[in-house]
Amino acid sequence: MWARPSRHRNARSMKDTITALLETALEALKADGTLPAESHPAIRIDATRDREHGDYATNLAMTLAKSAGMKPRELAERLVAALPESPVLHDIEIAGPGFINFFVDTGSAAEVLMTIIDAGDSYGHSDVGGGSPVQVEFVSANPTGPLHVGHGRGAAIGDTLCRLLEATGHRVTREFYYNDAGAQIDNLTLSVAARVRGIEPSDPSWPADGYRGDYIRDVAESYMRGETVVADDRRVTAKADPDDQQAIREFAVAYLRHEQDLDLRAFGVGFDVYFLESSLYQQGKVEATVERLIEGGHTYEADGALWLRTTDFGDDKDRVMRKREGGYTYFLPDVAYHLDKWQRGFTTVINEQGADHHSTVTRVRAGLQALDAGIPEGYPDYVLHQMVLVTRSGVEVKLSKRAGSYVTLRDLIEEVGRDATRYFLVARPATSQMTFDIDLARSQSNDNPVYYAQYAHARMCSVMARAERDGHPFDAELARASLDRLAEPRERDLITRLQLFPETVARAALAREPHQIAVYLQELAAEFHGCYNAVRVMVDDDALRNARLALGLAVRQVMHNGLGLLGVSAPEEM
RNA sequence: GCGCCCAUAGCUCAACCGGAUAGAGCAACGGCCUUCUAAGCCGUAGGUUGCAGGUUCAAGUCCUGCUGGGCGUACCA
């Protein structure tokens, strides 16, 4: 409802304003010889943590003190003296070891509220990506069973990462890579074929490495009923012939891909490209990669196998490319696949994977370097997430009825809901092992961080509804003229927090750390709830009321945008 | 053995390319609903940021070495 063209996307922020003032001061100090003329210091402005320190602070005097041959506080004095007059600042102080603290005029600080309201859904977006293409590969589960919690974490992190990249001006391709032809699929086929013949996992003749979950029976029954399954990337009708292994294989793969599609759809995650490992073989890309590696001179034969000297590129031991028996190891198609990504024009590629695959990072990168294809050394980027432990009543949950040996993503979505599942899985840094507490995620109470954030949004919607009902609809012009009335410390803190949103989005995208958005939203919600309880919005004073409505609307908008980045809904009432 | 990740309040976790007094929630205790949603707020208590060094004006954050945990260390993926 507030979506409008993003003409305010590049509205000048308070930090930009202060940075410009400091640049002027720096030039003056260079001109009078206080600072060396050739220095080009990076100016860093931080929002302060403590209101005593003003709204913003810079450590510039401390970082320059050495090159200026002065004490930090002394240099700070010079800098402050050289700062041009500005109507947006009502005070500047030097504090502590040499910080320069800026106290911003209330009305000027609050102008960001109107920027937010005008920008609507695009507030927080930027064009720092310049429209450059980025490919994000995530989930990439083989179609051998339902997705598990780990895949869920990958889906939540990967998809949020994509949304962050889109919000910062990148063209994002979401890609899902899987193997429909390897040993795991052989085991799947044998398992379904066994079920088709009525053999159960407890039977001695059950395949040695077969999949034992109940879903195998579902696949077998569907196959024998001659059903048609439609996955996002394939469609197969079962032949219902218990002896046709190839037909069983094709059906089982399609069936389980479809199951995964359902899981992902329920999770709000979709893909642009499904990439088959088998296509690399069919199109000769694996062979071509091998030949290129051999030509590059980084290979040798030993023990009947063909090796790649990955130790030339930082690996701790060389790796087999072609086995003694003739087949290729998994790492070779991985290299061919990433060469293909590069050749498709993706100069930035991010792979989101479980950390249990971290040993592939060095190998894939080494293989790409050995190709001598001009691919940069750190290519591709990796985001590796650590294990997820699921608990209920303080006890680890290991089993699911459908999958048998692990907790499925669908179990979680059905039990705690999509919003809570997504939020929980994305709210922690990927590098940290996390515990998914089912009781907490289910609880419809103040314990639950998801509701805490959503409630802030719903609460403000309720206030707006009240304003309409009372015949006091929001008056943007009156609000704009009354922004200087937002002088309560809590209101000032909220304004500062809101202004931080775009750079938080940009930083989260750049660092590939989607959890930063969740952290931000918790802080924003906390400040909003505190302000709500302390400062009444619906007051009789028209100017004050509308200024506060503007603040509330801006909070609501940022809450909405932030939750959207996480793929979590922003309910209007709860 | 080697490689990667982690270690912050009793518990689950934050901490913005190193910044000022390390922050939330839960659990404990005490308050706030005849006024905009109490899925909320306010207050009290809780810390040698695993240990030992180093770099820096400044270290939870960077470096080195330990300790403890997770993952990996296949001619499996």
Side-chain angles (χ1 to χ4, degrees), chain A residues 42 44 46-50 52-53 57 59 62-63 65-66 71-72 95-99 101 140 142 144 179 182-184 209 277 303-307 315-317 319-331 333-334 354-362 384-387 389 391 394 427-435 437 440 443-452 454-456 458-467 469-470 500 503-504 507-508 510-511 513 515-516 518-520 522-523 525-526 528-534 536-539 545 548 552 573-574:
Chain A
R44 186 171 156 187
D46 287 315
T48 57
R49 200 176 308 184
D50 187 340
E52 296 282 307
H53 301 143
N59 61 358
M62 288 181 285
T63 58
K66 188 165 280 181
K71 291 178 182 172
F99 291 101
N101 295 333
S140 291
N142 283 343
T144 57
N179 182 0
Q184 292 184 30
D209 295 316
E277 181 181 334
D303 303 328
L306 181 64
W307 296 70
D315 204 355
D316 54 358
K317 58 187 275 195
R319 305 292 168 178
V320 171
M321 297 163 56
R322 190 170 57 223
K323 306 179 213 173
R324 200 177 310 148
E325 297 80 13
Y328 295 112
T329 58
Y330 68 90
F331 121 85
D334 270 358
D356 53 338
H357 289 88
H358 78 250
S359 61
T360 66
V361 175
T362 309
L384 304 177
H385 65 261
Q386 298 288 326
M387 301 291 103
L389 176 73
T391 64
R428 303 293 178 224
T431 50
S432 295
Q433 296 169 49
M434 68 168 292
T435 300
D437 183 338
L440 178 59
S443 73
Q444 304 219 342
S445 74
N446 46 355
D447 311 2
N448 195 323
V450 188
Y451 295 126
Y452 187 76
Q454 289 179 322
Y455 184 49
R459 230 180 184 179
M460 196 51 221
C461 288
S462 173
V463 174
M464 284 310 292
R466 163 59 70 111
R469 225 183 305 127
D470 289 355
L500 252 27
E503 64 191 75
T504 302
R507 191 173 54 243
L510 190 65
E513 290 184 355
H515 81 277
Q516 290 189 19
V519 172
Y520 173 89
Q522 287 301 308
E523 289 169 344
F528 172 74
H529 287 310
C531 192
Y532 177 91
N533 275 275
R536 188 170 175 77
V537 177
M538 297 305 293
V539 292
R545 183 181 65 249
R548 287 178 176 167
E573 51 185 39
M574 292 172 71

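Nothing here was measured: the structure is a model prediction, and the numbers come from that model. Residue numbering restarts at 1 for every chain, and letters A, B, ... go by the order of the sequence lines.
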Quick one: the side chain of A:Tyr451 and the base of B:A39, do they pair up donor-acceptor inside 3.5 Å? no
Interatomic spacing from CZ in A:Arg459 to NE2 in A:His529 - rounded to 0.5 Å: 6.0 Å
Pick base, sugar-phosphate or nothing for A:His529, based on heavy-atom distances below 4.0 Å to the nucleic acid. sugar-phosphate
Of A:Cys461 and A:Arg507, the one whose closest nucleotide on RNA chain B sits nearer the 5' end is A:Arg507
Under 4.0 angstrom, heavy atoms only, what part of the nucleic acid is A:Glu277 near: base, sugar-phosphate, or nothing? sugar-phosphate
Pairing string, 5' to 3', for RNA chain B - Watson-Crick or wobble contacts under 3.5 Å, brackets [ ] where pairs cross, | to another strand: (((((((..((((.....[...)))).(((((.......))))).....(((((..]....))))))))))))....
I'd like to know if A:Asp46 reaches the base of B:A20 with its side chain, counting only an N/O donor and acceptor under 3.5 Å. no
Using a cut-off of 4.0 Å on non-hydrogen atoms, how would the nucleic acid contact of A:Gly182 be classed: base, sugar-phosphate, or nothing? nothing
Side chains of A:Val361 and A:Leu384, heavy atoms from C-beta outward: is any pair under 4.5 Å? yes
Would you call A:Glu52 and A:Asn101 a side-chain contact if the rule is heavy atoms closer than 4.5 Å? no
Which nucleotide in B:C41, B:C75, B:C17 has an atom nearest any side-chain atom of A:Arg44: B:C17
Length of the CG-C1' vector between A:Asn448 and B:C26, whole Å: 12 Å
Between B:U8 and B:C2, how many Å separate the two P atoms, rounded to a whole number? 25 Å
For A:Arg324, report the nucleic acid contact type (base, sugar-phosphate, nothing); a contact means any heavy atom under 4.0 Å. base
Sugar-phosphate, base or nothing in reach of A:Lys66, heavy atoms under 4.0 Å: sugar-phosphate
CZ of A:Arg466 versus C1' of B:U35: gap in Å, rounded? 8 Å
Could you check whether A:Ala458 gets within reach of a base, just the sugar-phosphate, or nothing at all, counting any heavy atom under 4.0 Å? base
Gap in Å between the two P atoms, one belonging to B:A59 and one to B:C32, rounded: 44 Å
Aromatic-base stack, A:Phe99 on B:A20, cutoff 5.5 Å, angle under 30: yes
How would you label the contact of A:Val519 with the nucleic acid (heavy atoms, under 4.0 Å): base, sugar-phosphate, or nothing? sugar-phosphate
Between B:G50 and B:A45 - P atom distance, rounded Å: 24 Å
Within the 4.5 Å heavy-atom criterion, are A:Arg319 and A:Thr329 side-chain neighbours or not? no
Are the side chain of A:Asn448 and the backbone N or O of A:Leu440 linked by a donor-acceptor pair below 3.5 Å? yes
If you pin A:Tyr455 and A:Asp50 to their nearest nucleotides in RNA chain B, which one's is more 5'? A:Asp50
Ranking B:C13, B:C5, B:A22 by distance to the side chain of A:Gln386, first place goes to B:C5
Can you tell me how far C1' of B:U37 sits from CZ of A:Arg536, to the nearest Å? 12 Å
Determine whether any donor atom in the side chain of A:Asp316 lies under 3.5 Å from an acceptor atom in the base of B:G3, or the reverse, and answer yes or no. no
Taking the P atom of each, how far is B:G54 from B:A58, in whole Å? 13 Å
Below 3.5 Å, does any donor atom in the side chain of A:His357 face an acceptor in the base of B:G72, or the other way round? no
How many angstroms lie between atom CD of A:Gln386 and atom NE2 of A:His358, to the nearest 0.5 angstrom? 9.0 Å
How is A:Ala526 classified with respect to the nucleic acid when contacts are heavy atoms under 4.0 Å: base, sugar-phosphate, or nothing? nothing
